[in-house]
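Here is the structure we will look at.
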Amino acid sequence: MTGQEPPSNPRGDDGQNPPDTGMGMTAVSYLLGGMLVWGGIGWLVDHYVGTKGIFAGIGAVIGIAGGVYLIVRRLGA
C-alpha cells in the first residue's frame with residue numbers, strides 16, 4: 001500500500017448530491033411557511049380589529065399564493 005493516496009472523501013462517494021435533492025421539502029416549507037407567517041399576521045390583525053378569523057383566512061390564502069409563487073420562481077416547477 002505504499003505510495004497510494006487516501007481517498008479524498010472518507011464516505012467513499014464523490015460528495016455530489018443530485019441537483020433535485022430536497023426540492024420537495026423546499027416546496028413544502030415554502031407553502032407551510034407562507035401560510036403560517038401570513039396567517040399569523042392576519043390573526044394579529046383580527047385580534048387588533050376585533051374580527052373572528054377573517055384576516056387570518058385572508059392571510060393564509062395570501063401566504064399560500066406567495067409560496068406557490070416562490071416555488072415557481074425559484075424551483076422552476
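Computed from a predicted structure; not experimentally measured. Numbering starts at 1 and runs along the sequence shown.
- Through direct or relayed side-chain contacts under 4.5 Å between Ile, Leu, Val, Met, Phe, Trp and Tyr, Ile41 connects to Val37, Trp38.
- Residues Ile62 and Leu70 do not share a hydrophobic cluster, clusters being chains of Ile/Leu/Val/Met/Phe/Trp/Tyr side chains in contact below 4.5 Å.
- Partners of Leu32 under the side chain to side chain contact (heavy atoms under 4.5 Å, CB included) rule, at least two apart in sequence or in another chain, are Val28, Met35.
- Applying the side-chain hydrogen bond (donor to acceptor under 3.5 Å, both in side chains) definition to pairs two or more places apart or across chains, none involves residues 59-71.
- With a 4.5 Å cut-off between side-chain heavy atoms of Ile, Leu, Val, Met, Phe, Trp and Tyr, the cluster of Val61 takes in none.
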Got a list of side-chain donor-acceptor pairs under 3.5 Å for residues 46-60, not counting sequence neighbours?
residue: Asp46; atom: OD1; partner: Thr51; partner atom: OG1; Å: 2.4
residue: Asp46; atom: OD1; partner: Phe55; partner atom: N; Å: 3.0
residue: Asp46; atom: OD2; partner: Gly53; partner atom: N; Å: 3.2
residue: Asp46; atom: OD2; partner: Ile54; partner atom: N; Å: 3.4
residue: Asp46; atom: OD2; partner: Phe55; partner atom: N; Å: 3.3
residue: Asp46; atom: OD2; partner: Ala56; partner atom: N; Å: 2.9

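- Apart from Trp43 itself, the hydrophobic cluster it occupies contains Leu44, where clustering links Ile, Leu, Val, Met, Phe, Trp and Tyr at side-chain heavy-atom distances under 4.5 Å.
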